[in-house]
Amino acid sequence: MLRKVKGVRDILPPESIKFTYVIEKFRKIVSRFGYEEIITPTLEYFELFEKKSGVEISKTMYVFKDKKGLILALRPEVTPSIARIYINYLKSSPLPVRLFYVANCFRYEEPQRARYREFWQAGVECIGLKEPYGELETLTMVDTLMNELKIPVSIRIGDMAIWRSIFDYYLIPDEKQQLLFTALDKGDNETFTNLVQEYVPPKAINMFQRLMQIKGSNVSSLCAECRRILSDYGFSEIEGRIDFIEELSLSLKLSRNSRIILDMGFARGLAYYTGIIFEVYSSNLDVAIGGGGRYDSLIEVFGGPPTPAIGFAIGVDRVSMALNYDVKTSPRILLVPVKPEYISAALNAQVILARKGMCTELEYKRDLRKALKYANNRDIPFVAIIGSEFVSEGKVTIKDMMRRTQHVISLEKIADIVAGQGSS
RNA sequence: GCCGGGAUCGGCUAGUGGUUAGGCUGGCGGCCUGUGGAGCCGCCGAGGUGGGUUCGAAUCCCACUCCCGGCCCCA
């Protein structure tokens, strides 16, 4: 038995059909918002991801030396590659630069439900669009895409900026802040408190506890609660940030299938986020099917000009798992020459139909009886029988396998019969 | 990295130390000349890998590999 590497998958039909369906919908939607596709390398230098992707990701990277001894990594995500590309080639492009990608990514973790070592991300990066326009655009695209895919979602929104500005106020160093975010994200209150008490008075810890419990869908009342907490502890200058979040959620015109969950106790593993962060959840999968956020300092940290940026990605694997319907494909027609001497005639018919955009399959070997059985078995909805009448008059017998009816018609009219008879 | 449960024809499975490893489904061919879902017949096709115990292993033991699920984290 030829074995497969752990955590990677062979994706066969019909799974692969759903997979590419999700990708095609993604391409279509983000293109409509002005995004253009970019292709980035699977391999990058390890150091590209090392610094700003965060400890969790760098622990789980595929890292190795090439024959020259260079330390390389298989990409665990693509945002750093795009930041690199922006700095190298696109610095003087008019802003914003809107890019999207569909890429396989790799993380060395223990495989489990909806989590693989090789997985596909479809994402966008919007470089050069400031708050709140990038947020509005990005969240609108997420909503539009999920609505198009008919997946009801809740979008969990958090904000790194509030926490960062409070932590900065208390002069907590960057590395410690990162640890705090990790603890916050895990809901590990003990670690969080232990880490933070070295820098802040007990009173502030109390405020943190209250703040991180703010969670729910009634954004306005939650924001009011946040403002109350902040002013109680003398952080009134940060209330403007709460106003921003409230305005953002009010300006978003999401479809009926999407809802917002505000969660102040939410952080993300990626170390480069600076502002709004979000994760997308579907009720039929208990893991995030997408996520993103604002990263206004990444490009500068990488040596580029200070440039605001925001992006998101969906997990193609997970989104196609969340699709609870079968993807329709174009109805196929099996072309059956009744005798071997009609094969070339059938081939002609196939070319004519292909030029009309129809999907056909040519039967070379089976006799008519076998071919009909085969069509049944494969759920091919139509069979076109090609015999003498095709050669003499250009007519075929088209059989509707479901209705068990058949008509002798000219090839030109097949489209009328087949139209609207999609199969799954 | 840790913790559970698994692995027999392509798919589903039977088999608890001696079987030509059985069945169902499938694929291919036939009964059957240009008309399908039935039936009958034939053929194809298997114990993850490597060790060990034994006269003898799918079966017992060990290790590894991979799968499924959980912790953790995320897409």
Side-chain angles (χ1 to χ4, degrees), chain A residues 1-10 12 22 26 53-61 75-79 101-123 142 156 181-183 185-188 191 266-270 277-282 285-293 311-322 334 336-342 346 363 365-390 396-406 408:
Chain A
M1 178 84 187
L2 297 172
R3 308 240 98 223
K4 184 176 66 61
V5 172
K6 182 175 183 170
V8 306
R9 285 161 309 146
D10 301 312
L12 280 58
V22 170
F26 170 82
S53 285
V55 278
E56 291 302 332
I57 283 187
S58 54
K59 274 196 302 201
T60 60
M61 246 187 282
R75 60 182 169 210
E77 54 154 340
V78 346
T79 303
Y101 57 86
V102 177
N104 54 344
C105 298
F106 302 84
R107 291 184 200 169
Y108 195 89
E109 297 176 287
E110 286 311 304
Q112 56 184 267
R113 180 169 169 72
R115 181 217 227 164
Y116 306 100
R117 288 185 174 177
E118 181 187 24
F119 57 97
W120 288 77
Q121 286 199 338
V142 169
R156 181 193 189 198
F181 286 130
T182 306
D185 192 32
K186 288 183 188 178
D188 186 349
T191 307
F266 165 44
R268 300 199 80 213
L270 269 51
I277 51 174
F278 59 93
E279 284 179 354
V280 184
Y281 290 86
S282 152
L285 207 63
D286 55 358
V287 286
I289 61 176
F312 79 88
I314 58 164
V316 177
D317 321 67
R318 290 177 172 188
V319 171
S320 58
M321 284 170 94
L334 183 68
V336 185
V338 292
K339 295 194 176 86
E341 64 242 49
Y342 295 119
E363 176 58 60
K365 198 180 64 178
R366 278 172 268 249
D367 62 22
L368 183 55
R369 182 190 307 276
K370 283 282 162 72
L372 289 168
K373 280 192 169 193
Y374 169 80
N376 256 326
N377 202 306
R378 295 288 301 270
D379 290 322
I380 297 174
F382 296 97
V383 172
I385 300 166
I386 315 265
S388 56
E389 69 281 2
F390 179 63
V396 299
T397 303
I398 181 96
K399 280 184 77 76
D400 182 323
M401 298 299 283
M402 290 297 287
R403 294 186 184 136
R404 292 175 161 261
T405 57
Q406 67 180 48
V408 181

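Proteins come first, then strands; the chains are lettered A, B, ... in the order of their sequence lines, and each starts at number 1.
Atom P of nucleotide B/C72 and atom CZ of A/Phe181 are separated by 21 Å, given to the nearest angstrom. The separation between A/Leu372 atom CG and B/G34 atom P is 12 Å, rounded to whole Å. Between the CD1 atom of A/Ile277 and the P atom of B/C74 there is a distance of 10 Å, given to the nearest Å. Note: CZ (A/Phe382) to C1' (B/U35) measures 17 Å, nearest angstrom.
A/Val5 approaches A/Val8 most closely through the heavy-atom pair O-CG2, 3.1 Å. Smallest separation of non-hydrogen atoms from A/Met321 and A/Ala114: SD-CB, 3.8 Å.
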Problem - Intra- and interstrand pairs of RNA chain B - dot-bracket, Watson-Crick/G-U under 3.5 Å, | marks other strand - result: (((((((..((((....[...))))((((((.......))))))...(((((..]....))))))))))))....
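Taking the side chain of A/Arg115 as heavy atoms from C-beta on, and the options B/G69, B/C72, B/G34, the nearest nucleotide is B/C72. Checking B/G70, B/C74, B/G34 against the side-chain heavy atoms of A/Arg113 singles out B/G70 as nearest. Side chain of A/Lys6, nearest nucleotide from B/C67, B/G29, B/G36: B/C67.
Residue A/Ala371 is classed as having no contact, given no heavy-atom separation below 4.0 Å to the nucleic acid. Residue contacts shown for A/Glu110 include a base, since a base heavy atom lies under 4.0 Å away. Among the protein residues, A/Arg378 comes within range of no part of the nucleic acid, since none of its heavy atoms lies under 4.0 Å from any strand. Contacts of A/Glu118 with the nucleic acid, taken as non-hydrogen atoms under 4.0 Å apart, are absent. The residue A/Leu368 sits close to a base: some heavy atom pair falls under 4.0 Å. A/Tyr116 comes within 4.0 angstrom of a base, heavy atoms only. At a threshold of 4.0 angstrom between heavy atoms, the contacts of A/Gly7 are confined to the sugar-phosphate backbone, with no base atom among them. Contacts of A/Asp317 with the nucleic acid, taken as non-hydrogen atoms under 4.0 Å apart, are absent. Residue contacts for A/Gly290: at a heavy-atom cut-off of 4.0 Å it reaches the sugar-phosphate backbone alone, with no base atom in range.
The separation of B/A14 from B/C9, taken at their P atoms, amounts to 13 Å, rounded to a whole angstrom. Taking the P atoms as reference points, B/G56 lies 36 Å from B/C2, given to the whole Å. Separation of the C1' atoms belonging to B/U25 and B/C67 is 23 Å when rounded to the nearest angstrom. To the nearest whole angstrom, the two C1' atoms, one in B/C24 and one in B/G15, are 15 Å apart. Atom C1' of B/U8 sits at a distance of 7 Å from the matching atom of B/A58, rounded to the whole Å. Taking the P atoms as reference points, B/A57 lies 32 Å from B/C3, given to the whole Å. A distance of about 22 Å separates the P atoms of B/G11 and B/C43, rounded to the whole Å.
Side-chain to base pairing of A/Arg9 with B/C67: no donor and acceptor N or O lie closer than 3.5 Å to each other. For A/Arg366 and B/C28, a side-chain-to-base donor-acceptor distance below 3.5 Å is absent, hydrogens and geometry of angles not being considered. Residue side chain A/Gln112 reaches the base of B/C72 through a donor-acceptor N/O pair under 3.5 Å, judged by distance alone. Under 3.5 Å, the side chain of A/Gln406 and the base of B/G36 form no donor-acceptor pair of N or O atoms.
Taking 4.0 angstrom as the limit, A/Lys399 places none of its side-chain polar atoms (N or O) nearer than this to OP1 or OP2 of B/G36.
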Problem - Stepwise side chain to side chain contact (heavy atoms under 4.5 Å, CB included) check, A/Met401 with A/Asp379 - result: CA-CA 9 Å; A/Met401 298 299 283; A/Asp379 290 322; over 6 Å; no
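Comparing A/Glu279 and A/Lys4, the nucleotide of RNA chain B nearest to each residue sits closer to the 5' end for A/Lys4. Of the two residues near RNA chain B, A/Gln121 and A/Val8, the one whose nearest nucleotide lies more 5' is A/Val8.
Considering A/Arg115, A/Gln121, A/Arg117 in turn, A/Gln121 is the only one that fulfils the side-chain contact (heavy atoms from CB on, under 4.5 Å) rule with A/Phe119.
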Between protein and nucleotides 30-33 of chain B, what N or O pairs are separated by less than 3.5 Å?
{"unit_1": "B/C32", "atom_1": "O2", "unit_2": "A/Arg369", "atom_2": "NE", "d": "2.6"}
{"unit_1": "B/C32", "atom_1": "O2", "unit_2": "A/Arg369", "atom_2": "NH1", "d": "3.1"}
{"unit_1": "B/C32", "atom_1": "O2", "unit_2": "A/Arg369", "atom_2": "NH2", "d": "3.4"}

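Salt-bridge formation is detected for the pair A/Lys6/A/Glu110: a Lys NZ or Arg NE/NH1/NH2 atom is positioned less than 4.0 Å from an Asp or Glu carboxylate oxygen.
Anti is the conformation of B/G5, whose glycosidic angle sits further than 90° from 0.
At distances below 3.5 Å, not a single donor-acceptor pair connects side-chain atoms of A/Gln406 with backbone N or O atoms of A/Val408.
Judged by the 6.0 Å and 45° rule, A/Arg9 forms a cation-pi pair with A/Tyr116.
Applying the ring pair (Phe, Tyr, Trp, His ring centres under 6.0 Å) test to A/Phe278 and every residue at least two apart in sequence or in another chain returns nothing.
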